[in-house]
Amino acid sequence: MALLARFDTPDSLRDLPLGSPFYDNWHNFIDVRLQPATAGSGGGEFYDPTETNVNVIAEHSLTWMGFPRDLMVATNRDNRRAAFTAGENRDVQEEYCEWNVWRNRAGKITKVIFVTETPEYWEQMWAVDRPTVVALYRTLVSPAVVEADLHSGGVYNRRNSWNTTNGIVHFIQTINTLGAALGLAQGSVNSGAARDNYEANPGPTTSVDPRVQMDIGTLSRRGLSVTLREPIGLYIAGYDDTGWTKPNGAPVDNYWRVVRGSPGRILRLEYEVPSSAGFVVGDIRIGGRPIEWGGQIAEHVTCTIAGVAGWRAR
Amino acid sequence: MKSKDQNTTPVPEDGLKPIKPLEISIKQKVLDQQFTKVLVDVGELQLKLPKGVMIPSLGTEFGADVPGVEPEPVYGARARANIQGNKIPGFNKDHQHFLFFKLGNLKRAKQWLHWIAPLISSMEDVLAFVRAHRAMRVRLGVKEPPMCATWVNIAFSNAAIRALVSRADAEAFGDQSFRQGLAARSTYLGDPTRRRHPGNVRNWLVGGPRREADILVIVAADDPEDLVTIVDSIKGRARSAGLRLLFEQRGDTLPGALRGHEHFGFKDGISQPGVRGRVSSAPGDYITPRYIDPSDPRARFFAKPGQLLIWPGQFLLGEPRQHTEHLYNSAAAATNFPRWAALGSYVVCRRLRQDVPAFWRFAIGVATALGIPAQQFASMLVGRWPSGAPIMRTPATDNAALAGDDWANNHFIFDDDTRPSTLVPIPGYPGDSFAQASADVLGAVCPHFAHIRKANPRDVPTDLGKPHDSLLRMILRRGIPFGKPIVGIKRPPLRLLKQERGLMFLCYGSTIEDQFEFLTRRWANSPIQPNFGGHDPIIGQRDTRGNRVRFIDVPTPGGTRRVNIKNEWVVPTGGGYFFSPPIGAITSVLGA
């Protein structure tokens, strides 16, 4: 298999014109974070597909729940209300999935937006094409966005108001970054002396970290060369609204909207009931329970990152 | 004439990416011939049990204490007499009868509770029998020694607790799903939303709107006549007490070599969690016999090869629970229930109708397209061969000797090569000499959709992270088939084919939401959890705005091919969520 020529953007997004230096910058951003090869347990390795030639024999997509596991297990899952209440704060949404909730005057949820976009992507765009970034913010969040809102002293502000208090565009939680995800994946090839997953116990209480660590560690123990599948990105794999009902008890219609990304590689997902329906998200029941928090929906949003594995080409 | 399944790629309504479908085309005549053959073949299998193995009646010989593991709680005579016996250790009788009652006059109902309370079989009763039975089996050298017992257990809905005790007590149960009841959660479990569908909750025989049972009585017996006698007695006394019998269901294990199998023909109930806890403080006297030698580090979390040890609080309210991050440490006991409910458990009952011809015709059709025997493909759907032998250990053919070896038939993991366990000396047991399972992280041997891989991912990390979390999902399954079988019958007459058959699914746990419902909705019903690969083709239910098509992504030498599943062979037709109280509370609280 030939070497990969260039790392692509998540879901091959083309927010900037082809030919923009952004695409080379994006490639470089990933490339410098990956070692040509990182040796792992069992003779396996994590490799940079632009530098190391591997005959890929398999793909493996890892999935995890969008809602933070840590909040649930804090009470041994005895207090779901407490977990959902705490989960509305994006600073604890640490599973590479963040969401914002909109409510009406009655306090009922009217819309929830989920994102899996990393801040680095937006910073790289900002570095070469500020007007496009502003235009995207205006499309995604509000026509009221102006360039000055998005930076301080020329440096892109990840926590600008249109990505925090007034909206959501990309991750803000401190460890929800592509850099962290790449580091996690790369470091996961080494599972120490563990011979199986019962002998390997990664510390984190999240869903995503042990998932990545153990899946990649397992492949490495098989002696396989492992890397992330192009286009590298953190995605929403799917959502499940079965058993959700309208106020009249009928199954909900399809109120999901994939705004950025594509099926299986969703980057921005909105859940909102059209005004013509005569009710709002907060009137929907999941298994008979009214939706009071965005986290109740996040429980049914599944995130993914995909890997490939193979043998070194000779 | 050809039976052609277009198997078209559905437009994803769940954000998933479509995969190229498998073309399925088979002549009707061939399908019919193969179906007849499969029914006979499956019925002819015989387990080969290891011979000459000497298991003593008491557990102490197989229960060496393992250094470095927290002491486990002792369930002394008083506790054992208070815990209902069908959850621990389980009735496991060939004949059972389920009675679903609606409360009438409360005063008379309470009097009936006082009448039935002494009949309730405790953990003490059942455990004593199990141990004596085990001893007798060895002494006589037969599989089924002539010993008989008849047992009764009882459970109450949340509405019944509200009526019999108080609203406050009913609301004090922390499991919200129990408070809601099964009918309210039915479509959340993937049950049909269309009103005309036989599996829609409104069409259930019991458990649907206005047909929700207040009390579930389970009667079990070795002798069918004994069963009838006590069932009649309970029904008669109930009638006199003003209880209305909403529904009743007789269950029987399948006859002959198919004993312990469900109606599709597969051995059921092989993999059960091992409940931690001691019967006495005598060294090694555990509820679940321990067969792993303490020198093997896995003795800390396995009772025998493949049987994970689970802290009892996962099944008994108020007892130490399984730690969320650790394989063998305990976590604090739950406190979110009325004090009188300690040592009780939640019960899920689902009456599941099975369409055996639909299942096998599907399996034959796909197997033909893949060019493999139907039994082999059907075994990929289940994850075990009809005998119960795991395909992880015998991928190409069934193996009756492996299936009959309780120390081998559940010993495998998925992600890494399975290493042999070191067992304590078991007189007469030659050891597990079958080929060990090789790593199957990609699901090429036991696909990710396989029922046993969905319901029990073992060592595989999941959408909830480390496999340690999966230990918290385990349930005690106590189901039994109902209806007459057609597997084993060469040409079942139309009259027999048309008869209803299925499984009375019953399970116990300390939370319905995080155990039964989690396993059902999050894993069995999901095509991408705990791993990509499709829905559980055995128990998975899916209803996306009335569309009930499921799919599996079948690994083939030429790559993954998607197979849509349009027919349904497991249809819910009744059930309920109940609470199995400690026996003492039946009179002192519920009957007070």
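Just so we're on the same page: letters track the sequence lines, and every chain starts at 1.
With a 4.5 Å cut-off on non-hydrogen atoms, B/His468 touches chain A through its side chain but not through its backbone. For B/Thr193, the part sitting under 4.5 Å from any heavy atom of chain A is the side chain, from C-beta outward, and nothing else. Of the two parts of B/Asp543, only the backbone, made up of N, CA, C and O, holds a non-hydrogen atom closer than 4.5 Å to a non-hydrogen atom of chain A. With a threshold of 4.5 angstrom between heavy atoms, B/Leu464 approaches chain A through its backbone and through its side chain. Both the backbone and the side chain of B/Glu325 come within less than 4.5 Å of a heavy atom in chain A. Only the side chain of B/Leu472 comes within contact range of chain A, with at least one heavy atom under 4.5 Å from a heavy atom of that chain. In this structure, chain B has no heavy atom under 4.5 Å from any part of A/Gln213. Heavy atoms of B/Ala331 lying under 4.5 Å from chain A belong exclusively to its side chain. For a residue to count as touching a neighbouring chain, one of its non-hydrogen atoms must lie under 4.5 Å from one of that chain's; by this rule B/Arg298 does not touch chain A. When heavy atoms are compared at a cutoff of 4.5 Å, A/Ala309 does not approach chain B at all. For B/Leu442, the part sitting under 4.5 Å from any heavy atom of chain A is the side chain, from C-beta outward, and nothing else. Neither the backbone nor the side chain of B/Ser186 comes within less than 4.5 Å of any heavy atom in chain A. If you measure heavy-atom distances from A/Val252 to chain B, the contacts under 4.5 Å come from both the backbone and the side chain. With a 4.5 angstrom heavy-atom cutoff, B/Phe414 does not touch chain A via any of its atoms.
The CD1 atom of B/Ile528 sits 7.5 Å away from atom OG1 of A/Thr304, with the distance rounded to the nearest 0.5 Å. A distance of 11.5 Å separates CG of A/Leu62 from OG1 of B/Thr462, quoted to the nearest 0.5 Å. To the nearest 0.5 Å, the span separating CD1 on A/Ile286 from CZ on B/Arg185 amounts to 9.5 Å. Separation of atoms CE (A/Met214) and CG (B/Asp415) is listed at 8.5 Å; rounding is to 0.5 Å. Put simply, CZ on B/Phe532 and OG1 on A/Thr302 are 8.0 Å apart, with the number rounded to the nearest 0.5 Å.
Ring pair B/Tyr328/A/Tyr198: centre-to-centre distance not below 6.0 Å.
With chain A as partner, the option from B/Gly559, B/Gly174, B/Ser177 having the largest number of non-hydrogen pairs under 4.5 angstrom is B/Ser177. Comparing B/Asp175, B/Leu189, B/Val441 by how many heavy-atom pairs each has under 4.5 Å with chain A, the most go to B/Val441. With chain A as the partner, the residue from B/His323, B/His326, B/Arg458, B/Gln322 showing the most heavy-atom pairs under 4.5 Å is B/Arg458. With respect to chain B, the highest number of heavy-atom pairs below 4.5 Å among A/Glu95, A/His60, A/Arg77 belongs to A/Arg77.
At a threshold of 4.0 Å, the pair B/Asp469-A/Arg69 counts as salt-bridged, since one of the basic side-chain nitrogens sits closer than that to a carboxylate oxygen. A salt bridge links B/Arg419 with A/Asp196: the closest approach of a Lys/Arg side-chain nitrogen to an acidic carboxylate oxygen falls below 4.0 angstrom. For B/Asp417 and A/Arg222, the salt-bridge test passes: some basic side-chain N is under 4.0 Å from an acidic carboxylate O.
Side-chain contact check for A/Trp244 versus B/Thr187: every heavy-atom pair is 4.5 Å or farther apart. A/Arg221 is listed as a side-chain neighbour of B/Asp416, based on a closest heavy-atom distance under 4.5 Å. At least one side-chain heavy atom of A/His300 sits less than 4.5 Å from a side-chain heavy atom of B/Arg521. Taking 4.5 Å as the limit, every side-chain heavy atom of B/Gln529 sits out of range of all side-chain heavy atoms of A/Met65. Taking the side chain as every heavy atom from C-beta outward, A/Arg81 and B/Gln176 never approach each other to under 4.5 Å. Residues A/Arg80 and B/Glu513 meet the side-chain proximity criterion, which asks for heavy atoms closer than 4.5 Å.
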Using distance only, find each side-chain donor-acceptor pair of residues 230-238 of chain A under 3.5 Å and give its atom names and separation, not counting sequence neighbours.
residue	atom	partner	partner atom	Å
A/Glu230	OE1	A/Asp8	N	2.7
A/Glu230	OE2	A/Ile232	N	3.4
A/Tyr235	OH	A/Asp11	N	2.8
A/Tyr235	OH	A/Pro231	O	2.7

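Side-chain N or O atoms of B/Lys466 include one that pairs as donor or acceptor with a backbone N or O of A/Pro204 at under 3.5 Å. In this structure, A/Asn197 contributes its side chain and B/Asp459 its backbone to a donor-acceptor pair below 3.5 Å. A donor-acceptor pair under 3.5 Å links the side-chain atoms of A/Arg211 to the main chain of B/Pro461, judged by distance alone.
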Verdict with supporting geometry, A/Thr242 and B/Arg545, side-chain hydrogen bond (donor to acceptor under 3.5 Å, both in side chains): CA-CA 7 Å; A/Thr242 59; B/Arg545 291 170 261 289; over 6 Å; no
